[in-house]
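Structure record follows, encoded as structure tokens.
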Amino acid sequence: MIKFSRLFIVFALIFAACSSEDDGTETGGETGGTDSFDRGAMLVNWADNIIVPAYNNMATKTQNVESAASAFTAAPDAAGLQQIREDYVDAYKSFQSVSMFQVGKAEEINYRSYLNTYPANTSNIESKISSGSFNLELPSSFAEQGLPALDYLLFGMGTSEETVALYSSNENYRTYLNAVASRMNALTTEVSNSWNGDYRDTFVSNTSSSSTGSVDKFTNDYVMYFEKILRSGKIGFPAGAFTGTASPSNVEARFNGEISRELYLEAVQSFEDFFYGRHFSGNGTGSSYKQYLEYLDIMKDGADLASLIENQLDAIQSQSSSLETNLKSQVEKDNTKMLEAYDELQKAVILLKVDMMQALSISVDYVDSDGD
Amino acid sequence: MLFSANKYLKKYTEAAPLAAFRLFFGLMMFASILRFWANGWIEKLYIAPKFFFSYYGFEWVQPIGEYTYFIFIICGLSALTVAAGYKYRISIIVFFLSFTYIELMDKTTYLNHYYFISILSFLMIFLPANVYFSIDAWRDKKKSFQKVPAWCVDSLKLLLAIVYFYAGLAKLNSDWLLRAMPLKIWLPSKYDLPWLGDIMQQEWLHYAFSWSGMLYDLFIPFLLLWRRTRFAAFIMVIIFHVLTRVLFPIGMFPYIMIVSALIFFSPMLHHRILKFIAEIFKINKSRFDTSEVFQFPDITGKIVRTVVVIFFTIQLLLPWRYLAYPGELFWTEEGFRFSWRVMLMEKAGYAQFKIVDAETGNRFYVNNSDFLTPFQEKQMSFQPDFILQYAKFLEDHFSKDGHQNIEIYVENYVALNGRKSAPYIDPDVNLLNFADSFEHKEFILPFQDEIKGL
């Protein structure tokens, strides 16, 4: 009798003790012991030294675009066109350093889709311009706004003289250009305000290892970005990797025609900088995936994954030097170079999605079912 | 003193342990089904997907759309009637069939524990678990017995012992014992656990867990069998399973295993448990204490014992079928399922399928998420039978789409237990040249390392 009741108490106690542990939303304040990696510090580095400055920078650029648009539309001339074109190129390049941060507000408002869904749907844009009525807040209007729409509006209207003439004579074009520029700036401001406000703390303090923890969630997005947006979007789709037929019109910034490779390289560089934990401004580096992997490698005595990824990112960069500055003409003239670029990117996808995710013990796209 | 089968078969014991087991098993299963439903997994796993991975030979077992919920209702209700011991024989057969049907619908969700439930409920069809403390026995005095053949209780112990012992044998390999894999991958990611988070980073802990897990699995059945170590062993059972519950997402199973282990205790304990329950529900327990001995009718008894012997022969041999295949088991997974290899490896893969027109040479890649759920895609990417079945599905799909002369190739990389990912399926093999079978799959590339051990 004594035996059983004792047993029963132990049983009941442990039963109760563990069932309260289910949600795993502890903040786990890292103690920063010498032999444990401090994920909290990594999140701080990501937020304060990379993500927030990158969004602030982007907000400046979209502000410039908006101002240039209103100046140009107030009195269309060659100088004004030149100014907004330059500001657009700046913004497009800056966008490559925030596009991968699709968490928080950016995820909530679908920032990336509104800013950079390409190719732009030019016939819809034209019909909206001619009707003069449009609503850029509809999700169905992704392909009618943002940077690809600007690309079309600034570079798809013929020569500079013809473009100036068009904007001088047509109010609807002026309205649309202003609407696109100011919406882009408004969305960017919204995201950067959120990071400069409460969201930074939310992000940094969520050190949980559950699927909703910042490291887990962000890593999924980061790897997904590389696969779907960088590899497939910038190289795979135009090269026809998925259809077997090359499709040059799917190139990013195709109307500009001069910056597509640069945008690709900016994206690769930003991705790489983030991997190394390089600060957005200045030359500093901080806690990063690279350090995290090195720490885990030492512990697991596995393949030196951090350097494998580094080498592959280098290989991508060096292969890209054989590409033309205009990826559209690269696809048209010699698509095998594009397919080679795809293959190099693909090797990195495997290292990131299979090896890195396994090393970090983060599962790809959470499946909340039971294991054994 | 030789073991005499005849003598053993004539041995009798109290029916109480069997009745308690039936009761707890039924309730646990009911709770599992409810939980599965409440988590939205019926919808997510069996209704939302467009395509399901079948077990070889069981392709006809498919979810039936929205009606799949009825299978779960039937399964849940039969679990309840099993618990109550109401029309037990029918109930347990219905439970076995419905539960097994659910498991066969998609092998993406295969878990050793689900397989355990299936075979356990099959075994229970042949056990007189309703002769004591059940509605059946309450309603019909003729069906009420206090004692049952000893083998009926022992067979449950044997099944549990097989599960533990084989799971322990499977851990006798170099990855588990000498590299502490995959715990070395899994445990550090539990950094946010209160109190335990920091020591999860310690290498010695990974080894300690690996070795103690192995020793636990190998020895726990014997420690539970021996009266003098039984109590301590049961405390270990509780600690072990609660710890696995805290560390890993394994749902109801720790509780099921803890409760099942009670079967090793003496009938006295079970009488106390049942008495406790009887008092709460104001059941007159003494009505079941008839002193009557349950005996199978001659012919039935013979059939039942034959079935049980065949059942256990299969259970003892089936886990070894991997020896019939060449190559590393963890890599090829040929003979991996149904062999109690529980939480034994961390495997991840990436599979990109290429559809080629054999005549024109035109090719394109498949976007897996067009056809598979993330869970299915994950499981598919490192298991050859999934890959083959998926290739067949893609062939059907794309030929219906009007593509002709289809060949299907896969570029496939797999990482196992922290090793760098390596090519898995021969990328130059047209998968459509192969039919699924139990034969060794020649298109699996060899494992580039060696894992020593069983």
Side-chain angles (χ1 to χ4, degrees), chain A residues 1 3-4 6-7 10-11 14-15 17-19 21 24-28 30-31 33 35-37 39 207-210 213 216 232 236 240-245 296 299-303 305 308 346 349-351 353-355 357-372, chain B residues 39 41 44-45 109 111-113 179 181 184-186 188-194 197-198 201-203 231 234-235 238-239 242 245-246 248-253 255 258 269 272-273 342-343 346 348-350 352 357 362-365 367 373-375 377-378 411 413-415 418-421:
Chain A
M1 192 58 154
K3 245 187 183 178
F4 175 61
R6 205 177 356 157
L7 187 133
V10 173
F11 195 32
I14 300 185
F15 221 81
C18 71
S19 49
E21 210 130 72
T25 42
E26 295 292 325
T27 43
E30 288 294 322
T31 51
D35 48 3
S36 79
F37 185 81
R39 286 153 205 83
T207 52
S208 157
S209 68
S210 71
D216 286 39
S232 300
F242 303 97
T243 56
T245 324
L296 290 169
M299 193 169 56
K300 290 172 189 162
D301 196 20
L305 193 52
L308 288 171
Q346 176 64 4
V349 168
I350 289 154
L351 289 171
K353 204 173 173 180
V354 180
D355 297 273
M357 297 293 265
Q358 177 172 94
L360 303 181
S361 196
I362 295 175
S363 51
V364 177
D365 288 316
Y366 284 92
V367 185
D368 64 338
S369 64
D370 290 336
D372 259 325
Chain B
N39 282 334
W41 291 344
K44 196 167 163 184
L45 299 174
T109 55
L111 291 182
N112 288 289
H113 291 121
R179 298 178 61 228
M181 280 291 179
K184 225 179 217 183
I185 293 175
W186 292 336
S189 74
K190 308 293 164 195
Y191 52 80
D192 64 330
L193 277 183
D198 277 337
Q201 313 298 315
Q202 308 290 324
E203 192 169 33
F231 182 73
F234 189 65
I235 298 294
I238 295 175
I239 294 171
V242 166
R245 175 70 184 84
V246 171
F248 307 113
I250 51 180
M252 292 288 293
F253 294 115
Y255 310 128
I258 290 171
L269 172 68
R272 280 195 206 109
I273 296 173
V342 183
M343 299 211 84
E346 168 62 37
Y350 186 91
Q352 185 148 57
D357 183 323
N362 277 349
R363 66 179 181 95
F364 61 92
Y365 289 115
N367 184 6
T373 64
F375 187 28
E377 187 177 348
K378 175 181 176 224
E411 286 157 18
Y413 287 80
V414 168
R419 291 175 181 80
K420 185 191 171 315
S421 59

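Predicted model, so just to flag it, every value in this text is computed and none were measured.
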**Q.** Choice from A/Gly244, A/Ser232, A/Gly240 maximising heavy atom contacts with chain B below 4.5 Å
**A.** A/Gly244
Q: Go through A/Leu351, A/Thr245, A/Asp355, A/Val349 and name the one with the most non-hydrogen pairs under 4.5 angstrom from chain B.
A: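 Sorted descending by pairs with chain B, the first entry is A/Asp355.
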Q) Measuring heavy-atom distances to chain A, does B/Asn367 have an atom under 4.5 Å in its side chain, in its backbone, in both, or in neither? A) side chain
Q. When you measure from the side chain of B/Glu346 to the backbone N and O of A/Gln358, does any donor-acceptor pair fall under 3.5 Å?
A. no
Atom of [X], atom of [Y] and distance for their closest heavy-atom approach:
X: B/Trp186; Y: A/Ser361; result: CD1-OG, 3.7 Å
X: B/Phe364; Y: A/Phe242; result: CB-O, 2.7 Å
X: B/Asp192; Y: A/Thr207; result: CB-O, 4.0 Å
X: B/Ala415; Y: A/Val354; result: CB-CG1, 3.5 Å
X: B/Tyr413; Y: A/Ile350; result: CD1-CD1, 3.2 Å

Could you state the interatomic distance from [atom1] ([X]) to [atom2] ([Y]), rounded to the nearest 0.5 Å?
X: A/Met357; Y: B/Tyr350; atom1: CE; atom2: OH; answer: 12.5 Å
X: A/Gln346; Y: B/Gln352; atom1: CD; atom2: CD; answer: 4.5 Å
X: B/Ile185; Y: A/Ile362; atom1: CD1; atom2: CD1; answer: 12.5 Å

Q | For chain A, the option from B/Gly349, B/Ser189, B/Gly197 that forms the most heavy-atom pairs under 4.5 Å | A | B/Ser189
